[in-house]
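Chain identifiers are assigned alphabetically (A, B, ...) following the order of the sequence lines, protein sequences preceding nucleic acid strands; residue numbering begins at 1 within each chain.
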Amino acid sequence: MPRSDEAQAFFHAVYSAVQEIPPGKVTSYGHIAKLVGTPQRPRQVGVCLKHLPDSTTTPTPRFHHTNVPWQRVINAKGIVSPRSQPSGAHNQAAALEAEGVTVTTGPLGELMVDFGEFGWFPAVLPSEEAQRVGASDEEGEEGSENGD
DNA sequence: AATATGACGTCAC
DNA sequence: CGTGACGCCATAT
């Protein structure tokens, strides 16, 4: 685990941000990346969760697979990242449903989650808010969402 | 030490 | 609106 201090800080920030996600809600890697101040590294967020330590295999990890709701993080397409092991994604979907999140399976087996219903967007930057409002022509605009 | 991958996102075409 | 290319950087070979 030769991670530099900076990298370690990044990991820490990511884990903390993920812990902020309330049960029954989901968000994207990109959003977490933004929250931690590195919007250009959504992939690294995935790396963090991938290397999320297990409370049983590690001595005293500050964050581990049990206290970090890694399951609530999906990709921007609103789909559970297929990653390498299908069972993993399926497991994630199951964990989400266990929290009350409705996961629908697409024709290709993609595990889709409705962001408009379960999406969690905490510290949306003012610039984005402005951009949202700036959109002039919207037709299929559904209501916004807010969990907290 | 160098090269290949990946739990992603955005832009260009 | 689908596909391709690039950026990013910790891990794995």
(request) Quickly work out the A/Gln85 CD to B/dT5 P distance and round it to whole Å. (result) 18 Å
(message) Distance check needed: C/dC9 P versus A/Gln8 CD, whole Å only.
(response) 17 Å
(message) Donor-acceptor pair, distance only, cut-off 3.5 Å: does the side chain of A/Gln19 make one with the backbone of A/Pro69?
(response) no
(message) Near DNA chain B, counting only heavy atoms under 4.0 Å, which residues of residues 12-19 of chain A show up?
(response) none
(request) Kindly give the heavy-atom pair with the smallest separation between A/Ile74 and A/Ile79, and that separation in Å. (result) CB-O, 3.6 Å
(message) For the P atoms, the ones on C/dC6 and on B/dA4, what distance do you get once it is rounded to whole angstrom?
(response) 15 Å
(message) Without decimals, in angstroms, what is the distance between A/His65 NE2 and B/dA7 P?
(response) 13 Å
(request) Please report, rounded to the nearest Å, how far the P atom of B/dA7 is from the CG atom of A/Leu96. (result) 17 Å
(message) Suppose we screen for side-chain contact (heavy atoms from CB on, under 4.5 Å). Which residues come up paired with A/Ser16, at least two apart in sequence or across chains?
(response) A/His12, A/Phe63
(request) Fill in the dot-bracket string of DNA chain C, one character per base: . for unpaired, | for a pair to another strand, ( ) or [ ] for pairs within the strand, taking Watson-Crick or G-U pairs under 3.5 Å. (result) .||||||.|||||
(message) Can you identify which nucleotide, out of C/dA10, B/dG9, B/dA7, has its nearest atom closest to the A/Ala7 side chain?
(response) C/dA10
Between the protein and nucleotides 11-13 of chain B, which nitrogen or oxygen pairs are less than 3.5 angstrom apart?
none

(request) Please report the closest heavy-atom contact between A/Gln92 and A/Gln71, naming both atoms and the distance. (result) NE2-O, 2.9 Å
(message) From NZ of A/Lys50 over to C1' of C/dA10, roughly how many Å is that when rounded to an integer?
(response) 9 Å
(message) Suppose the criterion is ring-ring contact (aromatic ring centres under 6.0 Å, His included): which pairs have a residue in residues 68-90 of chain A, not counting sequence neighbours?
(response) A/His65-A/Trp70
(request) Could you tell me whether the phosphate oxygens of B/dA7, OP1 or OP2, come under 4.0 Å of any side-chain nitrogen or oxygen in A/Ser84? (result) yes
(request) Can you tell me the distance, in whole Å, between the CD1 atom of A/Ile79 and the P atom of B/dG9? (result) 10 Å
(request) Mind checking side-chain contact (heavy atoms from CB on, under 4.5 Å) for A/Ala94 and listing every partner two or more places apart, or none if nothing turns up? (result) none
(message) Measure CG/A/Leu52 against C1'/C/dT11 and give the value in whole Å, please.
(response) 15 Å
(message) Once side-chain contact (heavy atoms from CB on, under 4.5 Å) is applied, do any residues pair with A/Ala17, and if so which ones, sequence neighbours excluded?
(response) A/Ile32, A/Val36
(message) How many whole angstroms separate atom OH of A/Tyr29 from atom P of C/dA10?
(response) 18 Å
(message) Once side-chain contact (heavy atoms from CB on, under 4.5 Å) is applied, do any residues pair with A/Glu6, and if so which ones, sequence neighbours excluded?
(response) none
(request) For DNA chain B, find the residues of residues 100-111 of chain A with a heavy-atom distance under 4.0 Å and give them by number; none if there aren't any. (result) none
(message) If I pick the P atom on B/dT5 and the same atom on C/dA5, what distance separates them, to the nearest angstrom?
(response) 15 Å
(request) Could I get the full list of ring-ring contact (aromatic ring centres under 6.0 Å, His included) partners for A/His51, not counting sequence neighbours? (result) none
(request) For A/Gly24 and A/Phe118, work out which heavy atoms get closest and say how close. (result) O-CD2, 3.4 Å
(message) According to side-chain hydrogen bond (donor to acceptor under 3.5 Å, both in side chains), who are the partners of A/Asp114, at least two apart in sequence or on a separate chain?
(response) none
(message) Please tell me if A/Ser28 has a side-chain N or O lying less than 4.0 Å from either OP1 or OP2 of B/dC8.
(response) no
Extract from the structure each pairing of a protein N or O with an N or O of nucleotides 1-8 of chain C at less than 3.5 Å, listing the distance.
{"from": "C/dC8", "atom 1": "O3'", "to": "A/Arg41", "atom 2": "NE", "distance (Å)": "2.7"}

(message) By nearest heavy atom, map A/Pro39 and A/Val47 onto DNA chain B; which one lands nearer the 5' end?
(response) A/Val47
(message) Checking contacts here: which listed nucleotide (C/dT11, B/dG9, B/dA7) is nearest the side-chain heavy atoms of A/Ala76?
(response) B/dG9
(message) So A/Phe11, base contact, sugar-phosphate only, or nothing? Heavy-atom distance under 4.0 Å.
(response) sugar-phosphate
